Number of protein chains: 2
Amino acid sequence: MAKASSVKDVAARAGVSLGTVSNVLNRPERVSPDTRARVEQAMRDLGFVRNESARQLRAGRSRTLAYVLLDARNPFFTDVAEGAERAAEGAGLSLFMCHSDNRAARERDYLAHLVEQRVQGILVTPVDPDAAALAEVRRNGTPVVIVDRTRSDDEFCSVAVDDVLGGRLAVEHLIDTGHTRVAFIGGPDSIGQVRDRLEGARRAWSDAGLPEDQLTIVPTASLTVVEGRSAGERVMGISKRRRPTAAFCANDLLALGLLQQLSTSGASVPGDLAIVGYDDIEYASAAAVPLTSVRQPRQELGRRAAELVLDEAEDPDHVHQQVTFTPELIARRSTLG
Amino acid sequence: MAKASSVKDVAARAGVSLGTVSNVLNRPERVSPDTRARVEQAMRDLGFVRNESARQLRAGRSRTLAYVLLDARNPFFTDVAEGAERAAEGAGLSLFMCHSDNRAARERDYLAHLVEQRVQGILVTPVDPDAAALAEVRRNGTPVVIVDRTRSDDEFCSVAVDDVLGGRLAVEHLIDTGHTRVAFIGGPDSIGQVRDRLEGARRAWSDAGLPEDQLTIVPTASLTVVEGRSAGERVMGISKRRRPTAAFCANDLLALGLLQQLSTSGASVPGDLAIVGYDDIEYASAAAVPLTSVRQPRQELGRRAAELVLDEAEDPDHVHQQVTFTPELIARRSTLG
DNA sequence: CGGTCCCGTTGAAACCTTTCAACCCAAGGA
DNA sequence: TCCTTGGGTTGAAAGGTTTCAACGGGACCG
């Protein structure tokens, strides 16, 4: 592996000055066709690869965006990343994904590294949206956009989805399809999203003039398939007369677990219990009974976040915006029969 | 956002030379405590952040690895990434994930960008493992390790899992649990992994002396839940007398679809049909009937790949190795009742 | 034939860090 | 007192690219 060759080597081989080589690279139209051909040939001969560090050093900016995400295994985040990726691609940039794995320390390391790299901008779904580290990153000169979280101050751009509205949509749909006893399944309520979705559910309920005690809360310890199954056992353990006829789950994993539990025990969906999930993950539509679910515009979220971070990077008059997207209810057989 | 400050600014403010600032950064033990304190204070005052491009330019190497993966939504790849990440973290490096989304053009862009960035090494699950682009990357000076694919020549390090053995394990397990009519569900056979798993299944079958026509091939168009359901219909459409009593699915998504189809139609698992999946994804153990599945050491795969690429980067006597990992059968209720 | 203009090319400067030989000075030994 | 030693600090050079003012030469116009 011979030492990488530089513009100087290329220039020498092509018999031109190194300024010309640079012109071939950056403004080929300024160079006469035959000179250009000679330079390009020399590049091929030497296996020349432009050194991005040097270019960046000189240019002061990189050609990269980064998305620091909490959990690469959650399809929600990878979909967001994909949206951001497309936007980056459109702007001629690369998007690097960094997996903080929900660890604040790892997140900090990544952020520091990215700032040192002088990436054009950072999208981040932070472990703690109010962490001082984020302000520090921006103070150090790198634009930051917060994704799927909101910060208590408005010092940052952020993109998120209106979870209160999502909860409302879900429950309004159940009310519209005739249900008057409904369970909300989800938890722990330390998760902001869970709280918001429940809040939306409650508002829809009281707006419809339904009695508060007919909206049952079934708490779960986490948002997983296993918890969904156990919640199912609890719901079905209620005497038929008083049992809810529909359940709104705080996410699709819970809903899938619930669905499994019901079909294992011979109950019918939606006959015995209608189900609404949240997130509309791929498995939701592929379930044994396709799930009604609240869809968030995930790719759009990523795309918009990328646009915002680029605006912050390029527009000196940039004003921070908190963008809220609108979720959408996708009705399927689990509520429609 | 004031222009970022450099070591020179820090030096001026601290009243020392810029060499000293650099020493504080890189060999703090050489600097007297009070000078160091002064310099560090100046850094804080100015919000100094080391410019990684310049450092890299000087040092000739970066502090980064990258993993270019096919599909960020597939938990298999993100688990591999996680293993690589841990290894990178251990070596003081960052790992960037790049999502090629199965598009050769995007993969090419990423590889080019990474080479220009002079990353220390690239892990890649390529769209086409024999693509000339990979050889080009290495020729240009960046170590490359191929993950979960194998190349026809041995010019690269690679890490993969023995799919033939995996297929064998699955079918041996079914034979051991008393089945003499088995279906292999999977396709298309343009996918190398599908071919290998089937090959392993066949070998186990004939080694056990069972008649070839009792191993039924049920082809699918892709490895998805929906295809699994349709395969289920086909299998259950066979007259009871000749119907297989067990199915080995080429991946877990097929197995989950199959399971859904069976439970929807009232068939029992494993009573009417035992099921073995492949990959042991998270949903496999969380399914209505927990799935027996063939587990691949995903994190280990990533970890080893990272080690290999670092070895290639650092050891002048590096020899390319093709590492093959051994899969493991995880028996659960879908075959054991 | 002389003067302009424009195109293509050149060479040096700048970007910021790290490294390393050289230097200074105080302390200790002769 | 002079010399040595060594810790602490310095300043210049190097690394590869981009930019830009300047330059050379050919073509065109008068």
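Computed from a predicted structure; not experimentally measured. Numbered from 1 within each chain, the chains take letters A, B, ... in sequence-line order.
- The interatomic distance linking A/Q56 (CD) with C/dC15 (P) rounds to 16 Å, in whole Å.
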TODO: Under the side-chain contact (heavy atoms from CB on, under 4.5 Å) rule, what do A/L308 and A/V323 come out as? Steps first, then yes or no, please.
DONE: CA-CA 10 Å; A/L308 284 174; A/V323 177; 3.9 Å; yes
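- The local environment of CD in B/Q41 is crowded, with over 12 non-hydrogen atoms from other residues, nucleotides or ligands closer than 6.0 Å.
- One interatomic measurement links the two molecules: CZ of A/R55 to P of D/dT19, which rounds to 8 Å at whole-angstrom precision.
- The distance from atom NE2 of A/H113 to atom SG of A/C98, rounded to the nearest 0.5 Å, is 8.5 Å.
- At the phosphate of C/dC16, neither OP1 nor OP2 sits under 4.0 Å from any side-chain N or O atom of B/S6.
- Mapping B/G15 and B/R118 onto DNA chain D by nearest heavy atom places B/G15 closer to the 5' end of the strand.
- Residue B/L301 forms a side-chain contact (heavy atoms from CB on, under 4.5 Å) with just one option from B/V161, B/D79, B/L123, and that option is B/V161.
- Between the side chains of A/D162 and A/T324, no donor-acceptor pair is found at a separation under 3.5 Å.
- Spacing between atom CZ of A/R63 and atom C1' of D/dT17 amounts to 12 Å, rounded to whole angstrom units.
- Among pairs with a residue in residues 51-62 of chain B, none fulfils salt bridge (charged side-chain N to carboxylate O under 4.0 Å, His left out), at least two apart in sequence or across chains.
- For B/V16, counting side-chain heavy atoms from C-beta on, the closest listed nucleotide (D/dT10, C/dT10, C/dT18) is D/dT10.
- Note that the CZ atom of A/R298 and the OG1 atom of A/T78 stand 8.5 Å from one another [nearest 0.5 Å].
- Here CZ of B/R149 is found 15.5 Å from CZ of B/F156. Values are rounded to the nearest 0.5 Å.
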For residues 64-71 of chain A, please give each side-chain donor-acceptor pair under 3.5 Å, one per line with the distance, not counting sequence neighbours.
{"residue": "A/Y67", "atom": "OH", "partner": "A/T125", "partner atom": "OG1", "Å": "2.8"}
{"residue": "A/D71", "atom": "OD1", "partner": "A/R73", "partner atom": "N", "Å": "2.9"}

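- Between the B/R118 side chain and the B/V115 main chain, a donor and an acceptor come within less than 3.5 Å of each other.
- Look at CD on B/E52: it is 15 Å from C1' on D/dG15, rounded to the nearest Å.
- For DNA chain D, the residues of residues 21-36 of chain A within the heavy-atom distance limit of 4.0 Å (strictly under) are A/S22, A/L25, A/N26, A/R27, sorted by number.
- The phosphate of D/dT9 has neither OP1 nor OP2 within less than 4.0 Å of any side-chain N or O from B/T20.
- Atom CG in B/L57 sits roughly 9 Å away from atom P in D/dT17 (whole-Å rounding).
- Counting to the nearest Å, the C1' atom of D/dT17 and the CG atom of A/D9 are 13 Å from each other.
- Using modelled atom types, no side-chain atom of A/Q120 and backbone atom of A/R63 make a donor-acceptor pair closer than 3.5 Å.
- The rotation axes computed at either terminus of the helix from C/dC1-D/dG30 to C/dA30-D/dT1 lie 60° apart, taking five pairs at each end and rounding to 10 degrees.
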Using atom types as modelled, flag every donor-acceptor pair under 3.5 Å from a side chain in residues 102-109 of chain A to any protein atom, sequence neighbours excluded.
{"residue": "A/R106", "atom": "NE", "partner": "B/E85", "partner atom": "OE2", "Å": "2.8"}
{"residue": "A/R106", "atom": "NH2", "partner": "B/E85", "partner atom": "OE2", "Å": "2.7"}
{"residue": "A/E107", "atom": "OE1", "partner": "A/V127", "partner atom": "N", "Å": "2.8"}

Short N/O separations, protein against nucleotides 12-14 of chain D, under 3.5 angstrom:
{"residue": "D/dA14", "atom": "N3", "partner": "B/R58", "partner atom": "NH1", "Å": "3.0"}

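- Residue A/Q117 contributes atom CD, which lies 14 Å from atom P of C/dT17 at whole-angstrom precision.
- Distance A/N51 CG to C/dC16 P: 16 Å, rounded to the nearest Å.
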